[in-house]
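Notes for the one structure printed next.
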Amino acid sequence: MISLADEAWFKAAPLRRIFALLDAEGGEARIVGGAVRDALMGRPVSDIDMATTLLPQAVLERAEAASIKAVPTGIAHGTVTLVIDGKPFEITTLRRDVTTDGRHAEVAFSTDWEEDAQRRDLTINALYADAQGRITDHVGGLADIESRTIRFIGDASARVAEDYLRILRFFRFFAWYGAGRPDAEGLRACARARDHLATLSAERVWSELKKLMTAPDPGRALLWMRTVGVLTALLPETEKWGIDAIPGLVEAERAFGWAPDPLLRLAAMLPPDAERIAALCQRLKLSKAETARLTRWAACLPIPDGTAESALDRRLYREGPDGAIMRLRLDLALAHSKRETETAALPRIAALQRLLARAERFEKPRFPLSGADVLAAGLAAGPKVGELLAGLEEAWVAENFAADRKTLLARLQAEADKAGN
């Protein structure tokens, strides 16, 4: 029998305390979902979610009696978070769906483990481990873990109709855990329901898409998403631009030691059109930081071959490094993918690496003058102050930031005197 009993994380004191609390006096708890799946697949276990036969109020009362911090994070749907030594454990009462509308579900509490398993999305996410580490599998999840098959529980179309975000979860889990071809029934269900993705909140869609794009290699998942029309439904901007750059980008990430970057991968799939990128960021409700980074990339003009480092510095001063770093990485990934077929690729790779390293190290120098210096030079307050300061700064940048404050003050005084005459 498969068991998790010897796993170090399973024997940790906080988890043993949770089991003791919830298994006492007729209650029963089991670990469910990601922790079990990841342990069985030899992956690190981080968050530990648990299911219990106890009602949420009983969980709260037992935690209070044991002086364990309890947070009613989703109590209406049966979820309480217990915190021990700073580590959270999400505890959810066994449930069955009463009604669903593709976005939300009304649930009723249960004590039936199989009924709870049948309402979950994918077979690999519906495995349970009890306090002794014994695995319970009501849906064929163990076999699917062995074959790395991503499969909906029961009728795929019914599972998708319960929550249309499951379309993205299907492809996200395929990106992270799947092998071979995706499950045919699951693909058909996702294709038939793809138009319903428009009913989901942008925040949920982007969160799920970003997790997919963070997978070590999302290429196969993206290919199948494009094949069944899901990618176009989510990102119509990619329809003509496509995903052809993704394999080369993933290869470059591994070659150059870059961490998977969902925004860079997204950029690789999009035309660098500032107006369309701004609309995409608004539609998917990207964060301010994500929007700024992606729009800077879209606004960044191509960096010509043979660009000198000093010329790059001037651009970085004016535009900031974010867009240039993304553009250089994408250019480098493309050059790297052609290295075995184009003799010019290797020198270009070396040149791009130098420019990229320069951009990644760039710290914007501080212009030594301010408006106060202009006023001190005798120029009256007004538009001329800013104009004079901007002209001096532009000349300073053009000279690669060489002039020091003393030199600039002398130039300023000469310009102020000229303006005063």
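Position 1 is the first residue of the sequence, and the numbers go up from there.
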| said: Are Ile150 and Tyr177 packed together at the side-chain level, in the sense that at least one heavy-atom pair is separated by less than 4.5 angstrom? | reply: yes
| said: According to side chain to side chain donor-acceptor pair (under 3.5 Å), does anything in residues 178-192 pair up with another residue at least two apart or in another chain? List the pairs. | reply: Ser157-Arg192
| field | Spacing of Asp322 atom CG and Phe362 atom CZ [to the nearest 0.5 Å] | value | 11.5 Å
| According to the side chain to side chain donor-acceptor pair (under 3.5 Å) rule, which pairs have a member within residues 208-229, sequence neighbours left out? | Arg172-Glu208, Lys210-Glu290
Could you give the side-chain donor-acceptor pairs of residues 78-88 under 3.5 Å, partners two or more places apart or in another chain?
unit_1 : atom_1 : unit_2 : atom_2 : d
Thr79  : OG1    : Thr92  : OG1    : 2.9
Thr81  : OG1    : Thr73  : OG1    : 2.9
Lys87  : NZ     : Ser46  : O      : 3.2

| side chain to side chain donor-acceptor pair (under 3.5 Å) against Trp113, all qualifying residues, sequence neighbours excluded | Glu28
| query | Residues in side chain to side chain donor-acceptor pair (under 3.5 Å) with Gln353, at least two apart? | reply | none
| task | Could you list all the side chain to side chain donor-acceptor pair (under 3.5 Å) pairs where at least one residue sits in residues 256-270, not counting sequence neighbours? | result | Glu253-Arg265, Asp261-Arg293
| task | Please identify each residue that fulfils salt bridge (charged side-chain N to carboxylate O under 4.0 Å, His left out) with Arg95, with sequence neighbours left out. | result | none
| said: Listing request: all salt bridge (Lys or Arg N to Asp or Glu O under 4.0 Å) pairs with a residue in residues 10-25, at least two apart in sequence or in separate chains. | reply: none
| task | Applying salt bridge (charged side-chain N to carboxylate O under 4.0 Å, His left out), name anything that partners Glu399, two or more places apart in sequence or on another chain. | result | Arg411
| query | So Trp396 and Phe367, would you call those rings parallel, tilted or perpendicular, with 30° and 60° as cut-offs? | reply | tilted
| said: Any carboxylate oxygen within less than 4.0 angstrom of a Lys/Arg side-chain nitrogen, looking at Glu237 and Arg283? | reply: yes
| Is it true that Phe401 and Tyr317 have ring centroids separated by less than 6.0 Å? | yes
| Charged N-O contact under 4.0 Å between Glu115 and Arg119 | no
| query | With Glu61, which residues qualify under salt bridge (charged side-chain N to carboxylate O under 4.0 Å, His left out), at least two apart? | reply | none
| query | Is it true that Asp116 and Arg96 have a side-chain N and a carboxylate O under 4.0 angstrom from each other? | reply | no
With a cut-off of 3.5 Å and sequence neighbours excluded, list every side-chain donor-acceptor pair involving residues 242-251.
unit_1 : atom_1 : unit_2 : atom_2 : d
Glu251 : OE2    : Arg339 : NH1    : 3.0
Glu251 : OE2    : Arg339 : NH2    : 2.9

| How would you list all residue pairs meeting salt bridge (Lys or Arg N to Asp or Glu O under 4.0 Å) that involve residues 122-148, not counting sequence neighbours? | Asp130-Arg134, Asp144-Arg151
